[in-house]
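All remarks here apply to the structure that follows.
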Protein chains: 4
Amino acid sequence: MNKKREIESSVKDESLIEKRREQMIRGAVTLFKEKGFHRTTTREIAKAAGFSIGTLYEYIRTKEDVLYLVCDSIYDEVHSRLDRLDIEKGSISVLVAAIEHYYTLIDEMQDEFVVMYQESKSLPKDALNYVLNKELQMVAIFERLLTQCVDNEEIQMTPKEVVMAAHHLFVQGQMWAFRRWALDDFTIQEFIDIQTKFLLQGMAGENISIQEAKS
Amino acid sequence: MNKKREIESSVKDESLIEKRREQMIRGAVTLFKEKGFHRTTTREIAKAAGFSIGTLYEYIRTKEDVLYLVCDSIYDEVHSRLDRLDIEKGSISVLVAAIEHYYTLIDEMQDEFVVMYQESKSLPKDALNYVLNKELQMVAIFERLLTQCVDNEEIQMTPKEVVMAAHHLFVQGQMWAFRRWALDDFTIQEFIDIQTKFLLQGMAGENISIQEAKS
Amino acid sequence: MNKKREIESSVKDESLIEKRREQMIRGAVTLFKEKGFHRTTTREIAKAAGFSIGTLYEYIRTKEDVLYLVCDSIYDEVHSRLDRLDIEKGSISVLVAAIEHYYTLIDEMQDEFVVMYQESKSLPKDALNYVLNKELQMVAIFERLLTQCVDNEEIQMTPKEVVMAAHHLFVQGQMWAFRRWALDDFTIQEFIDIQTKFLLQGMAGENISIQEAKS
Amino acid sequence: MNKKREIESSVKDESLIEKRREQMIRGAVTLFKEKGFHRTTTREIAKAAGFSIGTLYEYIRTKEDVLYLVCDSIYDEVHSRLDRLDIEKGSISVLVAAIEHYYTLIDEMQDEFVVMYQESKSLPKDALNYVLNKELQMVAIFERLLTQCVDNEEIQMTPKEVVMAAHHLFVQGQMWAFRRWALDDFTIQEFIDIQTKFLLQGMAGENISIQEAKS
DNA sequence: CATGAATGAGACTTCATTCAT
DNA sequence: GATGAATGAAGTCTCATTCAT
């Protein structure tokens with residue numbers, strides 16, 4: 001499995017560590033959103049967190065640790081809010097609810113999503129792998145939901161199509177966070193409705209042959 | 001309109017400028033892909049381009065200029081290769097061909113696409129605006145194609161759905177560049193086929209009501 | 001008025017700032033004297049001050065700040081040593097004492113004077129204005145002294161002549177600092193005596209008409 | 001003696017050298033006045049002179065050569081305009097005329113004077129010596145004039161006082177070029193008149209004892 | 001545990017000078 | 001003789017990280 005990476009801290013008191021890291025993450029997200037990881041200095045992070053640069057380094061070892069903590073914490077929150085979707089008995093209506101739930105989540109955590117996707121490339125290799133793996137786990141939730149619909153015979157898809165569809169709807173969610181500059185005519189509800197409509201039709205349609213369309 | 005930003009050069013010979021910038025862009029894309037804009041030094045760019053740091057600065061004024069040139073050149077290439085799609089008489093089969101053409105293009109220019117989307121946020125504000133505007137122009141090509149299909153009555157969509165659908169398929173294309181790490185089971189042709197199928201069904205399906213699905 | 005420009009420092013301890021800037025100024029004066037502002041590097045300044053380049057930049061923001069601090073500190077010292085001359089009841093004997101005091105001061109601070117006058121032109125505009133203004137305040141001390149002598153009827157001068165005379169004796173002082181290469185036959189006392197003699201005669205003499213002399 | 005330093009040129013045609021250097025000096029003076037020697041680039045000098053950087057270096061070897069040529073040419077012009085003052089039979093009235101002539105000259109060549117005095121410190125050692133020596137020759141003109149007046153018994157001065165007085169009036173002239181920012185209430189004629197008056201009185205006065213004044 | 005002053009590697013950029021054309 | 005593209009040493013400044021208090 002993909003074990004959580006431990007970030008070393010010279011402080012012993014675990015609850016203090018948690019508290020300080022919380023402060024640090026909150027400050028860092030705002031800064032990263034605003035100026036990106038590279039243009040944000042450790043001093044600024046410390047200041048935004050409400051303590052000194054010296055204290056910051058009591059709780060991390062490198063600046064990249066901060067980025068890792070930020071990404072990890074975002075994923076954790078997303079995960080915990082998506083977990084209830086990971087149920088036994090999926091169906092189209094569950095899927096639709098899941099999408100609404102997920103897209104709403106993205107709308108609420110827009111800044112965090114943008115930061116995570118813009119900056120995670122700056123993580124050290126192993127941290128990046130850890131984070132990408134977490135993302136796959138999230139995609140897998142949708143894969144399972146879709147597979148259950150296929151098993152239900154509510155939709156017809158090959159396994160590969162299921163994988164693709166899961167990524168597909170996942171990425172459309174990111175689009176809401178990333179392309180707000182181009183989608184400012186849409187409300188989140190409109191976005192959800194249209195995307196859901198596309199998706200359902202895309203899955204349920206009576207197999208128009210691509211060959212036919214190409215002709 | 002959105003005029004091309006002129007990057008100052010202290011060299012006068014226009015054809016030399018073009019040649020050197022070509023070298024520079026080629027080197028920079030590779031480096032940016034590998035380490036990102038911020039971790040790439042100007043010296044490395046110069047070296048990769050095959051000339052000295054002093055020469056580099058004969059053709060640009062700041063490091064950000066390199067990024068701008070890179071993004072601009074990528075857009076230009078994409079534009080020129082997409083231009084033939086911007087025709088008078090669109091139809092479903094033209095649309096399908098366009099998608100195939102576009103996704104193939106992304107496959108071929110994967111590195112460039114990743115660099116452009118990962119790093120353009122580091123552009124100075126006005127350069128960023130210029131680049132985002134160019135992107136909208138590309139989305140608009142697909143909007144026109146879709147609108148023509150609507151006019152043809154080949155598909156039924158509201159204008160807003162057209163906008164969304166254009167972004168939608170545009171973003172799915174980016175997905176191919178960005179999520180190769182997760183899609184390594186798919187060939188580009190599979191990707192195109194599945195995406196096209198989703199799309200066509202999504203548009204052509206007999207309007208499954210979302211409300212119905214939600215129930 | 002002409003408020004002192006605050007030079008930003010990222011260090012908080014005010015007394016430390018003062019101490020470090022003191023070191024820095026001392027080192028810089030020597031270097032500027034020797035090689036001028038432009039030929040002196042920030043690294044050399046840091047080294048001469050006894051700390052690292054990083055530390056230097058904890059106490060200033062730009063190299064020009066160093067020059068400003070140097071000029072400001074010199075003016076401050078000169079001012080404080082000239083202040084006692086700014087008295088209520090001036091007279092010729094006070095004026096003579098003042099000149100001796102001032103020229104002695106210049107002799108003792110020769111290096112500083114030369115640096116200040118050679119390099120202040122490299123200050124940013126507002127800093128230059130501040131410094132020139134400070135110089136005018138010093139000239140004004142002599143103007144007041146002269147005006148009091150005029151009021152006393154010890155000397156006869158028009159207000160414009162007073163202004164000119166103040167600049168005149170001020171500049172003669174600078175001459176001692178700047179033209180030592182040409183005046184190495186003179187001791188400071190000889191210089192003071194001769195200058196004072198010229199000055200007193202220049203003011204007290206029975207108005208030889210220039211027209212007469214020109215004839 | 002102080003032989004003129006030859007500046008090497010790879011061009012043979014002497015009259016061309018002279019012409020090009022003329023252009024170069026004219027451009028350089030303006031630039032040095034505006035931004036100082038160090039902040040002026042060789043490219044700028046070439047451009048202001050009306051030819052390319054390559055051509056500039058056909059006529060000099062280093063940037064400092066330009067400064068030397070500038071200073072030398074200024075001195076030459078001043079010299080040639082002051083030469084007629086170097087006569088056999090001096091007198092007070094000749095002296096007064098000489099001062100007027102000299103101060104007028106400074107007024108007309110203000111920019112050149114400022115450049116020369118501000119920047120000559122940046123000359124290489126031997127060039128600086130050459131230039132300082134030229135200055136001494138100019139002071140010597142006034143020394144001779146004064147000595148002749150002493151010989152005439154028009155004025156009474158010790159030889160040392162003569163030296164000092166020559167420097168004195170020389171420096172007052174520089175004051176007109178350098179302190180215009182503080183003397184903008186004065187016209188050149190007022191300046192000349194007041195300075196001349198001070199000077200004549202300073203020399204002619206009936207030896208007020210300094211000791212007496214100090215008491 | 002908290003602080004913040006000190007450090008120095010390393011980044012970007014400039015510009016005097018050269019030399020092939 | 002003239003040109004201007006190429007060079008790279010050297011300069012200013014930043015910032016992640018350490019460590020004494």
Side-chain angles (χ1 to χ4, degrees), chain A residues 9-13 16-17 20 38-47 50-66, chain B residues 9-13 16-17 19-20 38-46 50-66, chain C residues 9-13 16-17 19-20 38-46 50-66, chain D residues 9-13 16-17 20 38-47 50-66:
Chain A
S9 165
S10 50
V11 173
K12 304 293 166 198
D13 181 341
L16 190 53
I17 293 180
R20 291 279 181 259
H38 280 103
R39 290 202 205 289
T40 301
T41 68
T42 50
R43 274 170 159 88
E44 288 171 323
I45 296 170
K47 190 171 184 186
F51 39 69
S52 73
I53 181 68
T55 301
L56 181 71
Y57 273 87
E58 295 286 312
Y59 295 93
I60 53 160
R61 267 179 344 114
T62 72
K63 188 186 173 190
E64 282 166 346
D65 283 349
V66 180
Chain B
S9 166
S10 48
V11 172
K12 292 175 180 173
D13 183 337
L16 191 54
I17 293 179
K19 180 181 155 199
R20 292 279 180 260
H38 282 102
R39 289 201 207 288
T40 302
T41 69
T42 50
R43 265 186 171 71
E44 288 171 321
I45 296 171
F51 36 71
S52 72
I53 182 68
T55 300
L56 179 71
Y57 275 90
E58 294 283 302
Y59 295 91
I60 53 159
R61 271 177 348 109
T62 70
K63 189 186 174 191
E64 281 167 347
D65 282 350
V66 180
Chain C
S9 165
S10 48
V11 172
K12 293 174 179 175
D13 183 338
L16 191 54
I17 293 180
K19 180 181 156 198
R20 293 278 179 261
H38 282 103
R39 288 202 207 286
T40 301
T41 69
T42 50
R43 267 186 171 73
E44 289 170 321
I45 296 170
F51 36 70
S52 72
I53 182 68
T55 299
L56 179 70
Y57 275 91
E58 294 282 301
Y59 294 93
I60 52 159
R61 268 175 353 106
T62 69
K63 189 186 173 191
E64 282 168 347
D65 283 350
V66 180
Chain D
S9 166
S10 50
V11 173
K12 306 290 167 202
D13 182 339
L16 191 51
I17 292 180
R20 292 279 181 258
H38 280 103
R39 290 202 206 287
T40 301
T41 68
T42 50
R43 274 170 158 89
E44 288 170 323
I45 296 170
K47 190 173 185 186
F51 38 69
S52 73
I53 182 68
T55 301
L56 180 71
Y57 273 86
E58 295 286 311
Y59 296 92
I60 53 160
R61 267 181 341 115
T62 71
K63 188 186 172 191
E64 282 166 346
D65 283 350
V66 180

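Numbers restart at 1 for each chain; the letters A, B, ... are given by sequence-line order, proteins then strands. Just so we're clear, the structure is a prediction, and the values are computed from it rather than from any experiment.
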K12(C) NZ to dT3(E) P, in whole Å, measures 9 Å
OG on S9(D) to CZ on R20(D), rounded to 0.5 Å
10.5 Å
For R39(B), does the CZ atom have more than 12 heavy-atom neighbours from other residues, nucleotides or ligands under 6.0 Å away?
yes
Per V11(A) side chain, nearest of listed nucleotides dT18(E), dG4(E), dA2(E)
dA2(E)
Contiguous pairing runs of three or more, Watson-Crick or G-U under 3.5 Å, that involve DNA chain F:
E:2-21 with F:2-21
Determine the interplanar angle of the F51(A) and Y59(A) rings, folded into 0 to 90°, and report it as parallel if under 30°, tilted if 30 to 60°, perpendicular if over 60°.
tilted
Taking the side chain of I53(A) as its heavy atoms from C-beta onward, which of dT17(F), dT3(F), dA2(E) lies nearest to it?
dT17(F)
Identify which nucleotide among dA6(E), dT17(E), dT14(E) has an atom closest to any side-chain atom of Y57(B), counting heavy atoms from C-beta outward.
dT14(E)
From CG of L56(C) across to P of dG8(E) the rounded distance in Å is 14 Å
Does K63(B) use its side chain to pair, donor to acceptor, with the backbone of T40(B) at less than 3.5 Å?
yes
Nearest whole Å is fine: how far is dG8(F) P from E58(B) CD?
13 Å
When the distance from CZ of R61(C) to C1' of dT14(F) is rounded to whole Å, what number comes out?
13 Å
Per atom distances to the F51(C) side chain, the nearest of dA6(F), dA5(E), dT7(E) is dT7(E)
Specify the residue among R39(C) and G50(D) whose closest nucleotide of DNA chain F lies further upstream toward the 5′ end.
G50(D)
Nearest heavy-atom pair of I17(B) and V11(B): which atoms, and what distance?
CD1-O, 3.2 Å
Rounded to the nearest 0.5 Å, what separates atom CD1 in I53(D) from atom OG1 in T55(D)?
9.0 Å
Whole angstroms only, please: what is the CG-P distance between D13(B) and dA20(E)?
19 Å
When rounded to whole Å, the OH to P distance for the pair Y59(A) and dT17(F) reads 18 Å
Is there a side-chain contact between T55(A) and the phosphate of dT3(E), meaning an N or O under 4.0 Å from OP1 or OP2?
yes
Roughly how many Å is it from NZ in K63(B) to P in dC13(F), rounded to a whole number?
19 Å
Note, T42(A) side chain near Y57(A) side chain (heavy atom, < 4.5 Å)
yes
For T42(B) and dC12(E), is the shortest distance between a side-chain N/O and OP1 or OP2 below 4.0 Å?
yes
Counting the atoms with a prime plus P, OP1 and OP2 as sugar-phosphate, which does T40(C) contact under 4.0 Å by heavy atoms, base, sugar-phosphate, or nothing?
sugar-phosphate
Assess whether a salt bridge exists between R43(A) and E58(C), defined as any Lys/Arg side-chain N lying under 4.0 Å from an Asp/Glu carboxylate O.
yes
Can you tell me the distance, in whole Å, between the CZ atom of R43(D) and the P atom of dT13(E)?
16 Å
Base, sugar-phosphate, or nothing for S10(D), non-hydrogen atoms under 4.0 angstrom?
nothing
Below the 4.0 Å mark, does dA2(F) have OP1 or OP2 next to a side-chain nitrogen or oxygen of R20(D)?
yes
Counting any heavy atom closer than 4.0 Å, what does T41(B) reach on the DNA or RNA strands: base, sugar-phosphate only, or nothing?
sugar-phosphate
